[in-house]
S.K.: 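I'd like to ask some things about the structure below.
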Amino acid sequence: MKLGICSDHAGFDYKTDLIKALQENGHEVVDFGTHSTASMDYPDVAHPLADAVENGDVDLGIAMCGTGNGMQMALNKHQGIRAGLCWDVEIARLIRQHNNANVLVMPARFIPFEKVLEITDAYLSTPFEGGRHQNRIDKISCR
Ligand code: RB5
């Protein structure tokens, strides 16, 4: 898969290690930053990632900040984005099965890196169920 990824300073170290793991598993990864642990504003990387997912430049996105909430809020301002915040594996499966989430968001300051790997694997390997969930997704957009 071609994946887009971004983090703020709080998620930078996890992003660096996750990119390596994804590439080792055969994924192509586009890194939207940030590129250091220097303090920065998460919307500055969330919006470019969201644009890339909406345009189809990448298949799916992954984003991390301290709590995950700032990233999720910025990403979900985009009409074509369904970003889901995940802190465990079952939620990661469900944001794909039920919500067809096109961006996975994780709280870097609240889960160990091992959990980041497990959540990402669950997210990428779970298909959307469609059916009644498609009707619900079709009603999310407010325009
Ligand atoms: C950065 O200190 C922190 O506010 C940010 O990573 C994130 O948690 C915001 O939602």
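The first residue of the sequence shown is numbered 1, and numbering continues consecutively from there. When a ligand or atom number is given, it counts from 1 through the structure's own listing order.
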S.K.: Q134: what forms a side chain to side chain donor-acceptor pair (under 3.5 Å) with it, not counting sequence neighbours?
M.R.: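 In terms of side chain to side chain donor-acceptor pair (under 3.5 Å), with neighbours along the sequence ignored, Q134 is linked to D138.
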S.K.: Which of these passes side-chain contact (heavy atoms from CB on, under 4.5 Å) with E54: D51, V58, D57?
M.R.: D51
S.K.: Measure up the F113 and Y14 rings against each other and bin them: parallel (under 30°), tilted (30 to 60°), perpendicular (over 60°).
M.R.: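 The rings of F113 and Y14 sit tilted, inter-plane angle from 30° to 60°.
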S.K.: Tell me every residue that passes side chain to side chain donor-acceptor pair (under 3.5 Å) with E90, counting only those two or more places apart in sequence or in another chain.
M.R.: R93
S.K.: Nearest 0.5 Å please: distance from the CE atom of M71 over to the CG atom of L75.
M.R.: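 Between M71 CE and L75 CG, I get 7.0 Å after rounding to 0.5 Å.
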S.K.: I'd like to check the salt bridge (charged side-chain N to carboxylate O under 4.0 Å, His left out) partners of R82; sequence neighbours left out, ordered by chain and number.
M.R.: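 Counting only residues at least two positions away or on another chain, R82 forms no salt bridge (charged side-chain N to carboxylate O under 4.0 Å, His left out).
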S.K.: What does the contact table look like for ligand 1 (nitrogen or oxygen on each side, cut-off under 3.5 Å)?
M.R.:
unit_1	atom_1	unit_2	atom_2	d
ligand 1	2 (O)	R109	NH1	3.2
ligand 1	6 (O)	D8	OD2	2.6
ligand 1	6 (O)	G66	N	2.7
ligand 1	8 (O)	G66	N	3.3
ligand 1	8 (O)	T67	N	2.9
ligand 1	8 (O)	T67	OG1	3.2
ligand 1	10 (O)	T67	OG1	3.3
ligand 1	10 (O)	G70	N	2.9

